[in-house]
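None of the values given here were measured: they were computed from a predicted structure.
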Amino acid sequence: MPPVALASMSSGGSSTTAILAALGANAGITLAKFVGAVLTGSSSMLAEAMHSLADTANEALLLLGKRRAAHPPDAVHQFGYGRNRYFYSFVVALVLFTMGSLFAIDEGITKIRRPEELSSPAVAIAILLIAMVLETFSLLTARRESQPLKGRGSWWQFIRTSRNPELPVVLLEDSGALVGLAFAFTGVGLTVLTGDARWDGVGTLAIGILLGVIAVVLIVEMKSLLIGEGATPDEDRAIRSNLVDETHFDRVIHLRTEYLAPDELLIAAKIAVRPGLTIDDVATAIDAAEARVRAAVPAAGVMYLEPDLYRPERP
């Protein structure tokens with residue numbers, strides 16, 4: 001039976017499209033929010049402006065990481081620079097936590113303790129509605145580019161298991177931005193309805209807590225990728241099934257995998273050789289096994305296959 005190819009765990013073009021869409025949307029939103037914060041004095045608007053500024057910086061960092069990852073291997077980094085994408089995505093999570101979450105929490109607490117009256121709340125509401133439209137466009141773009149990689153699993157599973165660092169970052173940023181805008185809209189709206197400016201501070205505090213939760217999720221996931229994650233369970237099964245055949249290799253003795261980059265999987269395996277094969281037979285069989293694995297798992301890059309004899313452990 002011919003091998004069934006799995007979808008690649010990453011797509012450089014897809015993530016670049018999503019990043020550029022988010023970068024354009026966030027740059028415009030950031031400017032509008034800062035103008036709105038100055039005109040209205042809303043702490044929710046200021047927190048959202050800092051949130052969007054952090055998101056804009058994050059998209060620039062993701063693009064920088066992709067560019068640095070494209071550098072060819074050299075004597076010092078013989079497996080290449082692909083993990084730059086993981087490193088810069090980890091930095092993004094830290095930026096989101098410090099520039100976004102901590103600032104908003106501090107601003108929210110300050111405005112709850114010392115509330116200030118809003119001026120021109122209609123301007124703030126109009127800017128927030130425009131920002132919601134732009135963020136929705138960015139989120140839909142990220143979802144569309146992620147769909148081929150997501151498969152049939154949930155979006156949460158995609159974020160937890162994807163070896164592509166940029167798409168989960170953009171998805172969480174955009175989703176968090178929309179929820180944050182809803183918090184800001186609610187805070188400004190309640191301030192207008194009740195005349196109590198502390199609601200604006202409450203909305204700001206909620207934005208800060210939300211950003212903190214998103215940042216922690218990203219920090220945990222990006223740290224795991226940066227340390228090194230292996231093949232997914234589906235990829236592991238595909239690799240094992242394609243390493244063996246009916247005439248040369250009858251079992252995988254052990255298998256180790258690790259993603260060197262979102263689109264390059266290192267595979268090292270010891271495989272059991274059937275007795276009686278010549279060296280030429282084994283060499284040809286290894287080449288064929290590598291070809292089968294690469295056809296089934298497109299991310300398979302560097303492969304080290306060691307032929308051996310299977311020796312069952314005796315009690």
Side-chain angles (χ1 to χ4, degrees), residues 3-19 22 58-59 61-71 73 77 79-94 142-175 214-242 255-269 290 293-304:
V4 178
L6 297 175
S8 177
M9 289 302 297
S10 65
S11 174
S14 296
S15 58
T16 300
T17 301
I19 294 170
N58 289 343
E59 265 74 70
L61 285 171
L62 292 178
L63 290 174
L64 178 61
K66 287 176 68 68
R67 182 175 180 180
R68 293 284 178 87
H71 289 179
H77 298 90
F79 287 108
Y81 290 80
R83 283 189 176 171
N84 267 309
R85 292 171 66 180
Y86 298 145
F87 170 75
Y88 281 94
S89 297
F90 182 76
V91 172
V92 161
L94 296 178
R143 284 172 61 95
R144 184 182 68 246
E145 299 300 328
S146 303
Q147 191 64 53
L149 308 180
K150 170 181 168 291
R152 297 181 179 180
S154 67
W155 286 106
W156 179 244
Q157 288 175 325
F158 172 71
I159 290 170
R160 293 298 309 274
T161 62
S162 175
R163 273 38 171 187
N164 181 310
E166 297 91 4
L167 289 174
V169 168
V170 174
L171 284 168
L172 281 177
E173 276 188 355
D174 289 345
S175 299
I214 292 175
V216 169
V217 171
L218 286 176
I219 287 171
V220 171
E221 293 304 316
M222 295 308 125
K223 172 179 173 288
S224 180
L225 288 171
L226 190 58
I227 292 174
E229 291 189 1
T232 65
D234 287 343
E235 288 174 331
D236 185 274
R237 286 189 291 270
I239 292 168
R240 291 178 183 275
S241 64
N242 283 282
L255 172 68
R256 299 289 184 272
T257 61
E258 185 171 315
Y259 267 92
L260 303 175
D263 51 3
E264 184 174 9
L265 178 64
L266 168 67
I267 299 173
E290 289 181 350
V293 170
R294 289 194 171 98
V297 183
V302 181
M303 295 181 63
Y304 298 107

In chain order, what residues pass the side-chain contact (heavy atoms from CB on, under 4.5 Å) check against Arg256, with sequence neighbours excluded?
His254
To the nearest 0.5 Å, tell me how far Leu64 CG sits from Asn84 CG.
8.0 Å
Non-neighbouring partners of Arg160 that pass side-chain contact (heavy atoms from CB on, under 4.5 Å), sequence neighbours left out
Trp156, Glu221
Contact summary for Leu167 and Glu145, nearest pair of heavy atoms
CD1-O, 4.2 Å
Within-4.5 Å side-chain heavy-atom neighbours: Leu265 and Ile239:
yes
Spacing of Tyr304 atom OH and Glu290 atom CD [to the nearest 0.5 Å]
10.5 Å
As an exercise, state the distance from NZ of Lys223 to CG of Leu225, rounded to the nearest 0.5 Å.
11.0 Å
Would you call Phe79 and Glu264 a side-chain contact if the rule is heavy atoms closer than 4.5 Å?
no
Heavy atoms of Val293 and Ala300 approach each other most closely as CG1-CB, 4.1 Å
Reported OG1-to-CD distance for the pair Thr17 and Glu166, which is rounded to 0.5 angstrom:
11.5 Å
Which heavy-atom pair separates Ile214 from Leu172 by the least distance, and what is that distance?
CD1-O, 3.7 Å
Can you classify the ring geometry of Tyr81 versus His77 as parallel (below 30°), tilted (30 to 60°) or perpendicular (above 60°)?
tilted
Evaluate Ile267 against Val297 for side-chain contact (heavy atoms from CB on, under 4.5 Å), listing each step before the verdict.
CA-CA 11 Å; Ile267 299 173; Val297 183; 5.8 Å; no
Between CZ of Arg237 and CZ of Arg240, what distance do you get to the nearest 0.5 Å?
10.5 Å
Give, for atom CZ of Arg294 and atom CE of Met303, the distance between the pair rounded to the nearest 0.5 Å.
5.5 Å
Which atom names give the shortest non-hydrogen contact between Ala299 and Tyr259, and what distance separates them?
CB-OH, 3.7 Å
Contacts table for residues 86-93: side-chain donor-acceptor under 3.5 angstrom, sequence neighbours left out:
{"residue": "Tyr86", "atom": "OH", "partner": "Arg163", "partner atom": "O", "Å": "3.1"}
{"residue": "Tyr88", "atom": "OH", "partner": "Arg68", "partner atom": "NH1", "Å": "2.9"}
{"residue": "Ser89", "atom": "OG", "partner": "Arg85", "partner atom": "O", "Å": "2.7"}

Residue pair Arg67 / His71: nearest heavy atoms and the distance that separates them:
O-CD2, 3.8 Å
Which atoms form the tightest heavy-atom contact between Ala238 and Asn242, and what is the distance?
O-ND2, 2.7 Å
